[in-house]
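Letters go in sequence order (proteins before strands), and every chain restarts at 1. Remember, it's a predicted structure, so these values are computed and weren't measured experimentally.
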There are 2 protein chains.
Amino acid sequence: MSSDSRRNALLDTWTETSSHVFNSVVAANRVAFAAFGVQPSNGDGGLETVERIEADEDLPEWHVELTAADRGRLGVGNKVEFTKTISDDDVAAFAAASGDTNPLHLDDEFASRTRFRGRIAHGTLVGGLISAALARLPGLTIYLSQDLEFHNPVRVGDRLTAVCEIVEDLGDDQFRLTTRVVNDGDVIIDGEAVVLVDELPDA
Amino acid sequence: MSSDSRRNALLDTWTETSSHVFNSVVAANRVAFAAFGVQPSNGDGGLETVERIEADEDLPEWHVELTAADRGRLGVGNKVEFTKTISDDDVAAFAAASGDTNPLHLDDEFASRTRFRGRIAHGTLVGGLISAALARLPGLTIYLSQDLEFHNPVRVGDRLTAVCEIVEDLGDDQFRLTTRVVNDGDVIIDGEAVVLVDELPDA
């Protein structure tokens, strides 16, 4: 992908500008035990969550590290990290939400007979931790591109950290970042992202 | 990312070989109404699904198209497509599973004040449909890399199709594919993947 195609694609479509603030920066260290809404099953064979996550919520086991508090001063060297544990529920939820019901992720017995000798999490789910980290940059993060190279498998219960660092200011509020997911020192995913960081809209 | 690093990274770590068959090919047109297991909430603040998807399951609204039935004859030109609708539950489930609680995805009022003038689905969730398509290739699909370029936003209720086509046989059961997600003709995501397709393990 060329840098040019990255920079034009989304912006041609979405022309309005906006202004304002994404609370996750503030919420980073908040232990927010959510007034989860209970959703009854709708009985049509769809899959539903019992408890719904709220916007800007952080679960107690999640952890955020951020070196930039101010969108206006974002630049090369700023880092954001997001840590969470991959649970069995996460894997089941991602399978239903994405449609990826590969038994390598869902069936212990099947997976035990593969080269992995047991179940592993979906690579794209693990890539979602990068999205979670980027969302916590100051401002409103909009994804323009993401490259992912999968290096090591993830087991249910692994505690992973996505580490994102701005390596280039592309202008027009766009930034290129290195994006890596690590598990206790082992690189799980390596790659790069380009994001647009809008101002948060006025309240 | 160099092609070399792609091809070595995973395989150095996972040395065992395997053999056998991924049922999704067979299951592609099966309307499987799942014996969903009911999971009680565990009361520790975690998020749980009411109904769990099963390995190789296809929900009635999902649709698969596949031009190759035989792993041994996979090659350039073979295509796999996977179609599903992105629901509000999918977005909520992905937010919890990934940790990306960006209000652009979860808060109607907030999102209405952004350049999108309403909520949009997470790009990485939409990328998951590519993983779902690749999982339905004949054999056991293992992700080595994925590049994603996000071109257009997705709304709750949009029905999307991931279209993947093998464009290069890299040898050693590895293939490079173009990967695209479309919404009624509009390109949502464009990119490329490299996968390893193992034999399915013996039953």
Using a strict threshold of under 4.0 Å (side-chain N to carboxylate O), is an ion pair present between B/D202 and A/R113? no
How close do B/D90 and A/A96 get, heavy atom to heavy atom, and via which atoms? OD1-O, 4.1 Å
Contact leader toward chain A among B/G127, B/A162, B/G99, B/A133, where contacts are heavy-atom pairs under 4.5 Å: B/G99
Would you check if the side chain of A/T101 reaches a backbone N or O of B/E57 as a donor-acceptor pair within less than 3.5 Å? yes
Tell me, with the steps shown, if B/R52 and A/D88 meet side-chain contact (heavy atoms from CB on, under 4.5 Å). CA-CA 11 Å; B/R52 294 177 80 91; A/D88 193 37; 2.9 Å; yes
Go through it in stages, so that I can follow the logic: the residues are B/I142 and A/F116, the test is side-chain contact (heavy atoms from CB on, under 4.5 Å), and I'd like the CA-CA distance, side-chain angles, deciding distance and then a yes or no. CA-CA 10 Å; B/I142 297 165; A/F116 300 102; 3.5 Å; yes
In terms of heavy-atom pairs under 4.5 Å, which option from A/S98, A/G128, A/A193 contacts chain B the most? A/S98
Give the C-alpha distance, both sets of side-chain angles, the deciding distance and a yes or no for side-chain contact (heavy atoms from CB on, under 4.5 Å) between B/Y143 and A/H122. CA-CA 9 Å; B/Y143 234 154; A/H122 303 77; over 6 Å; no
Would you name the heavy atoms of B/A55 and A/D107 that are closest together and state the gap between them? CB-CB, 3.9 Å
Validation row: B/T114, A/L140 side chains within 4.5 angstrom (heavy atoms): yes
When you compare the side chain of B/L196 with that of A/R115, does any pair of heavy atoms fall below 4.5 Å? yes
Distance-minimising heavy-atom pair for B/N102 and A/T141: ND2-O, 3.4 Å
For the CG atom on A/D184, are there more than 12 heavy atoms of other groups (residues, nucleotides or ligands in this structure) within a distance under 6.0 Å? no
Point-to-point distance, once rounded to the nearest 0.5 Å, from CD1 of B/I189 to CD of A/Q146: 11.0 Å
Which heavy atom in A/S131 sits nearest to a heavy atom in B/T124, and how many Å separate them? CB-OG1, 3.7 Å
Select, from B/H105, B/K84, B/E109, the one with the greatest count of heavy-atom pairs under 4.5 Å involving chain A. B/K84
What I want to find out is whether A/R136 reaches B/D100 closely enough, with some N-O distance under 4.0 Å, to be called a salt bridge. no
Can you give me the closest heavy-atom contact between A/I53 and B/A95, atom names plus distance? CG2-CB, 3.5 Å
Please lay out, stage by stage, how B/E149 and A/D147 fare under the test side-chain contact (heavy atoms from CB on, under 4.5 Å). CA-CA 8 Å; B/E149 211 176 301; A/D147 296 353; over 6 Å; no
